[in-house]
Amino acid sequence: MTVQIDPADHPPGTRFLLYAPYQMQAIINNMAAQAAPLLMGADKVAIIGILRRGAPLADRLTEALVQQFKLPTPLRLDLKIKRYADDLTLLHPEPQLTEQVGQAALDLAGYRVLVVDDVLYTGHSVLRAVEWLAKKSPAALYTAVLADRHVAQLPLRADVVGVHLQVAPPDVVECHVPPYEACFQIEVLRLDHEPV
């Protein structure tokens with residue numbers, strides 16, 4: 001299915017639906033099945049979402065882990081990391097992490113931590129989160145992404161992956177995650193031009 005998009009609202013290009021809303025819960029369930037062996041048996045577990053879309057994904061993954069695998073309710077936090085604008089313009093050469101109230105004093109000693117993001121692309125945002133969290137002394141630190149493009153530019157791989165995608169370099173993988181979008185789905189945006 002292809003949809004021509006309005007350049008007034010989004011970068012100009014054509015969208016291709018890869019995973020429809022009815023397929024997304026199965027992807028989350030599969031991610032939970034991958035994450036469960038990493039987290040089960042730990043006295044302390046934290047699931048950390050990278051804002052924006054990593055946060056509601058972390059909520060969905062947490063719910064699946066608690067319901068399907070009886071994981072005790074973990075500590076749920078979000079990290080605010082920004083590198084790109086919504087129109088894909090590069091805002092910061094390095095991802096900017098903004099600590100929320102109380103996060104500077106956060107103690108994760110002894111925790112198994114799972115960091116959740118939507119797309120693993122270059123790896124800069126996930127690595128920034130991992131670097132910051134590693135200073136909080138967790139017992140173990142894992143990463144989970146809804147979509148892995150397999151083009152990371154850093155020595156980083158996700159421990160939990162929803163879908164593995166290989167698309168043309170200028171194409172954009174867009175994970176639509178409520179409440180930021182109406183439908184939970186994954187699309188590829190074929191841009192009319194490469195983002196700056």
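Count residues from 1 along the sequence. Everything numeric here is computed off the predicted structure, so don't read it as measured data.
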Given V145 and L57, is the side chain to side chain contact (heavy atoms under 4.5 Å, CB included) satisfied, shown in steps?
-> CA-CA 9 Å; V145 294; L57 286 170; over 6 Å; no
Verify side chain to side chain contact (heavy atoms under 4.5 Å, CB included) between T143 and V160, making sure each step is shown before the conclusion.
-> CA-CA 6 Å; T143 57; V160 174; over 6 Å; no
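- Residues P74 and V66 come closest through the heavy atom pair CD-CG2, 4.1 Å.
- Note that the SG atom of C183 and the CG atom of L17 stand 9.5 Å from one another [nearest 0.5 Å].
- Here T62 contributes atom OG1 and L71 contributes atom CG; the two are 8.0 Å apart, rounded to the nearest 0.5 Å.
- Shown here for A158 and V161, the closest heavy-atom pair between the two residues is CB-CG2, 3.7 Å.
- A donor-acceptor pair is defined here as one N or O able to donate and one able to accept, closer than 3.5 Å; no such pair exists between the side chain of Q67 and the backbone of A64.
- Residues P178 and R60 have side chains in contact (heavy-atom distance under 4.5 Å, counting atoms from C-beta outward).
- Residue A33 comes nearest to F69 through the heavy atom pair CA-CZ, 3.5 Å, listed as atom of the first residue, atom of the second, then distance.
- Here the CD atom belonging to E187 is positioned 11.5 Å from the OG1 atom belonging to T14, to the nearest 0.5 angstrom.
- Residue pairs meeting the salt bridge (Lys or Arg N to Asp or Glu O under 4.0 Å) criterion with at least one partner in residues 142-158, sequence neighbours excluded, are R157-D159.
- With rounding to the nearest 0.5 Å, the separation of CG in L39 from CD1 in I47 is 6.0 Å.
- A search for side-chain hydrogen bond (donor to acceptor under 3.5 Å, both in side chains) contacts involving R190 returns D171, not counting sequence neighbours.
- Across C175 and E181, no two heavy atoms sit closer than the pair O-OE1, 3.9 Å.
- The nearest pair of heavy atoms linking L61 to I28 is CD1-O, 4.0 Å.
- Considering only residues two or more places apart in sequence or on other chains, Q25 meets the side-chain hydrogen bond (donor to acceptor under 3.5 Å, both in side chains) condition with N29.
- Cation-pi geometry between K135 and W132 is not met at under 6.0 angstrom from the ring centre and within 45 degrees of the axis.
- The shortest side-chain heavy-atom distance between Y121 and V126 does not fall under the 4.5 Å cut-off.
- At a threshold of 4.5 Å between non-hydrogen side-chain atoms, the residues I27 and V163 count as touching.
- For the atom pair CG of L114 and CD1 of I48, the computed distance is 9.0 Å after rounding to the nearest 0.5 Å.
- Two residues are said to be in side-chain contact when any heavy atoms from C-beta on lie closer than 4.5 Å; D78 and I50 fail this criterion.
- A pairwise comparison of heavy atoms in V119 and V173 identifies CG2-O, 3.8 Å as the closest pair.
- Residue pairs satisfying the salt bridge (Lys or Arg N to Asp or Glu O under 4.0 Å) criterion with at least one member in residues 20-42, sequence neighbours excluded, are absent.
- Using a 4.5 Å cut-off on side-chain heavy atoms (C-beta onward), V115 and Y142 make no contact.
- Using a 4.5 Å heavy-atom threshold, the side chains of R53 and L146 count as separate.
- Between R76 and D59, at least one side-chain N (NZ, or NE/NH1/NH2) sits under 4.0 Å from a carboxylate O, which counts as a salt bridge.
- Pairs passing the salt bridge (Lys or Arg N to Asp or Glu O under 4.0 Å) check and including a residue from residues 111-125, sequence neighbours excluded, do not occur.
- Here side chain to side chain donor-acceptor pair (under 3.5 Å) pairs that include residues 30-44, with residues two or more places apart or in two chains, are N30-Q34.
- With values rounded to the nearest 0.5 angstrom, L133 atom CG is found 8.5 Å from K136 atom NZ.
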